[in-house]
J.: 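Below you'll find the structure I mean.
So you know, we letter chains A, B, ... as the sequences are listed, proteins then strands, and number each from 1.
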Amino acid sequence: KNIVIHSLCKAGDFDKALDLLRDNNGSCDFESDVVSYNTVIWGFCKHGLLEMGLGLVSEMVKRGVEFDNFTFNILMKGYCEKGMLRNAELVMEMLCGDANRDGGIRGDVVGFNTLIHGYCKDGKVSNGFQLMESMVRAGVLPDVVTYNTLIDSLCELGDFDSAKILMDELLECNDSRANDGEKRYSLVSGVGLQADNITYNSLIDWCGKKYRIEEALAMYKEMIAKGIDPDVVTYSSVINALLKSGRLAEAKSLFHEMVQEGVDPNHVTYSTFVDYFFKNRSAMVALSLQSQMVVRGIAFDNVVFTVLIDGLFKVGRARAAKDMFQNLLDSNGQPNQITYSALIDGLCKIGDMEGVESVLQQMKERNFQPNVVTYSSIINGYVKSGMLEAAINVMFDMVSHDVVPNAFTYSALIDGCFKAGTKDIAEGLFEDMKFRGVDEN
RNA sequence: GUUAUGUUUUUAGAAAA
């Protein structure tokens, strides 16, 4: 029953999930338990419906279903994803507070990790570190997930060196003689921690994205030497780094290596390659990989579809790209902002501005707001079609929707103004751009 | 198959001049 509830929630079918939870049809032999409730609350939170989840919490009280740690952790995650970090933290403070001294549910390591992640994603790593200290005070020891969260977030902020230092500490925790007090966190963090594949994946991926391929490869070798098995994420990440640097041969050999090691390439691995081949004029190879995915029963997600749509347009197969989009809709996939932007850009490139407008319409009907990329594409499209006025109107439209133009937007429009011989407007735009503090390149 | 299956935290791929 709980498994069914889980799938229903994942699919967003809450009516059925609630029916089952409350046994509205009176046909289920199993009582709903705390897991059932947790699952539905989790589902609501995942879909951004925190309030609904909170409603279920009161229902649990009414029905006398006891909370557990999962319940609170799910709620904290829900608050974090809504940006209500303070609320999440209050939940934790309540769980760790004196009022909850005996008998009650205490905050646990997952809860703290959730909070730390929430703050880190908001760019507040220092709050993350503070939380790590307060968890120790509350008697909860940080684990490898805590470290991984902080390490990844330090990378994201570009502070690779600190991330590495933190990893070294993580390793030294394991090593009792290393703790002579000079390191800040190893003393508090307990013993027995080991860097794992996720630790390495974060660092490797960051290096790859900075085109520091050799360092990435070195760490890849290092993890193997330590007996940590690379997983599909490791491989996909390194392959991505190699391909983005045009090192196809090495990427291919890694692909074979992973298969040999018994790690199955997944939709991410494939889409990385497919994207590369489309962008490097090897449409045939890209398409053959696509059918290989089908043969191997790898499901297409949103990104795979986006890669295909974008790629087909880029190799001049607009018809096939549009069909692919239809395909996505038919298979009940959910196009997102990026999917729509790829489609719209493709249509712009072939000058089908009517098509663009109708997709734009559809996008809005589905409650996806065009973003700066979408708008810039459209502006560029109108400019290239010689419809400067329409382009300018899009700019107004965008500003009126509080979407801030960036360098892409301006340069498309300025380019158009020059071509139309309205130099004064172009210069006006340029001034406007500087005024707004957009980088001029 | 019963230190079995289910709910919570960290890492990889996609769009514009």
Side-chain angles (χ1 to χ4, degrees), chain A residues 1-6 9 33-43 45 68-78 80 108-118 120 143-153 155 196-206 208-209 231-241 243 266-276 301-311 313 336-346 348-349 371-381 383-384 406-415 441:
Chain A
K1 174 173 176 175
N2 289 334
I3 300 173
V4 176
I5 291 180
H6 185 230
C9 286
D33 59 5
V34 60
V35 175
S36 323
Y37 274 96
N38 287 344
T39 307
V40 181
I41 296 172
W42 168 82
C45 289
D68 64 6
N69 263 316
F70 284 63
T71 318
F72 290 110
N73 292 337
I74 292 167
L75 288 174
M76 280 190 266
K77 178 74 177 166
C80 285
D108 67 2
V109 64
V110 173
F112 275 106
N113 289 340
T114 305
L115 280 180
I116 292 174
H117 181 238
C120 285
D143 64 2
V144 66
V145 175
T146 320
Y147 276 90
N148 287 343
T149 306
L150 291 165
I151 286 172
D152 184 61
S153 156
C155 283
D196 64 6
N197 47 7
I198 296 184
T199 321
Y200 275 97
N201 290 346
S202 287
L203 295 165
I204 289 173
D205 186 60
W206 185 84
K209 288 207 163 58
D231 60 7
V232 64
V233 175
T234 323
Y235 284 110
S236 302
S237 177
V238 178
I239 286 173
N240 183 44
L243 289 178
N266 64 9
H267 57 291
V268 177
T269 327
Y270 273 98
S271 65
T272 309
F273 274 108
V274 170
D275 184 56
Y276 169 84
D301 70 356
N302 222 318
V303 179
V304 178
F305 276 112
T306 306
V307 168
L308 289 167
I309 292 166
D310 177 61
F313 270 120
N336 60 21
Q337 221 179 27
I338 301 183
T339 320
Y340 276 112
S341 296
L343 175 62
I344 286 174
D345 181 60
C348 284
K349 294 275 153 64
N371 63 13
V372 60
V373 176
T374 328
Y375 278 118
S376 303
S377 258
I378 300 173
I379 289 173
N380 185 45
V383 164
K384 293 281 155 30
N406 63 14
F408 281 83
T409 328
Y410 279 107
S411 74
L413 203 50
I414 291 174
D415 185 49
N441 285 315

J.: Name the nucleic acid region contacted by A:T114, choosing base, sugar-phosphate or nothing; use a 4.0 angstrom heavy-atom cut-off, strictly under.
T.: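 Counting heavy atoms under 4.0 Å across all strands, the contact made by A:T114 is with sugar-phosphate only.
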J.: Would one find a side-chain N or O of A:W42 under 4.0 angstrom from OP1 or OP2 of B:U8?
T.: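 True: A:W42 side-chain N/O within range (under 4.0 Å) of B:U8 OP1/OP2.
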J.: Rounding to an integer number of Å, can you tell me how far A:D143 CG sits from B:U11 P?
T.: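 It works out to 14 Å between those atoms.
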J.: Tell me what A:D415 touches on the nucleic acid: a base, only sugar-phosphate, or nothing, going by heavy atoms under 4.0 Å.
T.: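 Contact class for A:D415: none.
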J.: Between A:N380 and A:K349, which heavy-atom pair has the shortest distance, and what is it?
T.: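 Taking every non-hydrogen atom into account, ND2-CE, 4.2 Å.
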J.: Is there a donor-acceptor pair closer than 3.5 Å between any side-chain N or O of A:S411 and the backbone N or O of A:A407?
T.: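 Yes, A:S411 side chain to A:A407 backbone: donor-acceptor pair under 3.5 Å.
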J.: If only side-chain N and O atoms of A:K384 are considered, is one of them under 4.0 Å from the OP1 or OP2 phosphate oxygen of B:A16?
T.: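 False: A:K384 side-chain N/O out of range (4.0 Å or more) of B:A16 OP1/OP2.
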J.: Nearest to the side chain of A:F70, which nucleotide is it out of B:U11, B:U7, B:A14?
T.: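 Closest nucleotide among those given: B:U7.
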J.: Answer with yes or no whether A:N371 presents, from its side chain, a donor or acceptor under 3.5 Å of a partner atom in the base of B:A15.
T.: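 Such a pair exists between side chain and base.
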J.: Quick one: does A:S341 reach the base of B:A15 with a side-chain donor-acceptor pair under 3.5 Å?
T.: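 Answer is yes: a donor-acceptor pair is held.
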J.: Could you tell me the separation between the CZ atom of A:F408 and the C1' atom of B:A17, rounded to a whole number of Å?
T.: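 About 6 Å, once rounded to whole Å.
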J.: Would you mind classifying the nucleic acid contact of A:V304 as base, sugar-phosphate or nothing, using non-hydrogen atoms under 4.0 angstrom?
T.: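 Base contact.
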J.: Using distance alone, with no hydrogens and no angle criterion, decide if A:D205 and A:N240 have a side-chain donor and acceptor under 3.5 Å apart.
T.: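 No - no donor-acceptor pair under 3.5 Å links their side chains.
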J.: For RNA chain B, what dot-bracket results from Watson-Crick or G-U pairs at under 3.5 Å, with [ ] for crossers and | for inter-strand partners?
T.: .................
J.: Let's go through A:T339 and A:N336 carefully: what are the C-alpha distance in whole Å and the side-chain angles of both, what is the deciding distance for side-chain hydrogen bond (donor to acceptor under 3.5 Å, both in side chains) to 0.1 Å, and is it a yes or a no?
T.: CA-CA 5 Å; A:T339 320; A:N336 60 21; 2.8 Å; yes
J.: Just to be sure I understand the rule, does A:S377 reach a base, reach only the sugar-phosphate, or reach nothing, if contact means heavy atoms closer than 4.0 Å?
T.: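 Sugar-phosphate: the residue A:S377, judged by heavy atoms under 4.0 Å, touches backbone atoms but no base.
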J.: Taking the side chain of A:N266 as heavy atoms from C-beta outward, which of B:A12, B:A14, B:A17 is closest to it?
T.: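 Closest of the options to the side chain of A:N266: B:A12.
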J.: Base, sugar-phosphate, or nothing: which does A:I74 touch, judged by heavy atoms less than 4.0 Å apart?
T.: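 Sugar-phosphate: the residue A:I74, judged by heavy atoms under 4.0 Å, touches backbone atoms but no base.
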J.: Contact class for A:N197 vs. all strands (heavy atom < 4.0 Å): base, sugar-phosphate, or nothing?
T.: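 It contacts nothing in the nucleic acid.
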J.: Determine the Euclidean distance between corresponding P atoms of B:G1 and B:U5; express it in Å to zero decimal places.
T.: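 One P to the other, the span is 14 Å.
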J.: Going by distance alone, is a donor N or O of one side chain under 3.5 Å from an acceptor N or O of the other, for A:N113 and A:D143?
T.: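 Their side chains do contain a donor-acceptor pair, which is all the 3.5 Å distance test asks for.
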J.: To the nearest Å, how far apart are A:N113 CG and B:U11 P?
T.: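 One finds 12 Å between P of B:U11 and CG of A:N113, rounded.
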J.: Using atom CG of A:D345 as one end and atom P of B:A16 as the other, report the distance to the nearest whole Å.
T.: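 Going from CG in A:D345 over to P in B:A16 covers 5 Å.
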J.: Select base, sugar-phosphate, or nothing to describe what A:T149 touches, counting heavy atoms under 4.0 Å on all strands.
T.: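 Touches sugar-phosphate only.
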J.: How many whole angstroms separate atom CG of A:L150 from atom C1' of B:U11?
T.: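 For the pair A:L150 CG and B:U11 C1', the rounded distance is 14 Å.
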J.: Can you find a donor-acceptor pair, distance only, under 3.5 Å between A:N302 side chain and B:A14 base?
T.: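 Donor-acceptor pair under 3.5 Å: no.
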J.: Counting side-chain heavy atoms from CB outward, which of B:G13, B:U8, B:A16 is closest to A:H267?
T.: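 Between B:G13, B:U8, B:A16, the one nearest the side chain of A:H267 would be B:G13.
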J.: I want to check one thing: is the phosphate of B:U10, taken as OP1 and OP2, less than 4.0 Å away from some side-chain N or O of A:H117?
T.: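 Looking at the OP1 and OP2 atoms of B:U10, one of them is under 4.0 Å from a side-chain N or O of A:H117.
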J.: Between A:W42 and A:I74 (side chain of the first, backbone of the second, donor and acceptor by atom type, cut-off under 3.5 Å), is there such a pair?
T.: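 No.
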J.: Starting at CZ of A:F273 and ending at P of B:A14, how long is that distance when rounded to a whole Å?
T.: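 These atoms are roughly 14 Å apart.
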J.: Show your working on side-chain hydrogen bond (donor to acceptor under 3.5 Å, both in side chains) between A:N148 and A:N201 and close with a plain yes or no.
T.: CA-CA 10 Å; A:N148 287 343; A:N201 290 346; over 6 Å; no
J.: Starting at atom CG of A:L413, determine the distance to atom P of B:A16, rounded to an integer number of angstrom.
T.: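 Value for this atom pair: 19 Å.
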J.: Does the base of B:G13 carry an N or O that pairs as donor and acceptor with the side chain of A:S271 under 3.5 Å?
T.: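 Checked by distance alone, the answer is yes.
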J.: Please tell me which of the listed nucleotides, B:A14, B:U11, B:U7, lies nearest to the side chain of A:N38?
T.: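 Of the options given, the side chain of A:N38 lies nearest B:U7.
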J.: Looking only at the side chains, is there a donor atom on one of A:T114 and A:N73 sitting less than 3.5 Å from an acceptor on the other?
T.: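 Checked: A:T114/A:N73 side chains show no N/O donor-acceptor pair below 3.5 Å.
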J.: Judged by atom type as modelled, is there a donor-acceptor pair below 3.5 Å linking the side chain of A:D310 to the main-chain atoms of A:T306?
T.: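 A pair under 3.5 Å: no.
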J.: From CG of A:D231 over to C1' of B:U10, roughly how many Å is that when rounded to an integer?
T.: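 Interatomic distance, CG of A:D231 to C1' of B:U10: 12 Å.
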J.: Determine the interatomic distance between C1' on B:A17 and the same-named atom on B:G13; round to the nearest Å.
T.: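 Those two atoms are separated by 24 Å.
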J.: Are OP1 or OP2 of B:U11 and a side-chain N or O of A:K209 less than 4.0 angstrom apart?
T.: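 It does not, given that no N or O in the side chain of A:K209 lies less than 4.0 Å from OP1 or OP2 of B:U11.
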J.: Scan A:V307 against the nucleic acid and name what it touches under 4.0 Å (heavy atoms): base, sugar-phosphate only, or nothing.
T.: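 Sugar-phosphate: the residue A:V307, judged by heavy atoms under 4.0 Å, touches backbone atoms but no base.
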J.: Hey, does A:D196 reach any base, or is it just sugar-phosphate, or nothing, if we go heavy atoms under 4.0 Å?
T.: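 Counting heavy atoms under 4.0 Å across all strands, no contact is made by A:D196.
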J.: Which of the following nucleotides, B:U8, B:G13, B:A16, is nearest to the side chain of A:V110?
T.: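 Selected nucleotide (nearest to the side chain): B:U8.
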J.: When all nucleic acid strands are considered with a 4.0 Å heavy-atom cut-off, which category describes A:S237: base, sugar-phosphate, or nothing?
T.: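 The residue A:S237 makes sugar-phosphate contact but no base contact.
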J.: Does A:S236 use its side chain to pair, donor to acceptor, with the backbone of A:V233 at less than 3.5 Å?
T.: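 Pair absent, no side-chain N/O of A:S236 close to backbone of A:V233.
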J.: From the set B:A16, B:U7, B:A14, return the single nucleotide nearest to any side-chain atom of A:T39.
T.: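 Looking only at heavy atoms from C-beta outward on A:T39, the closest nucleotide is B:U7.
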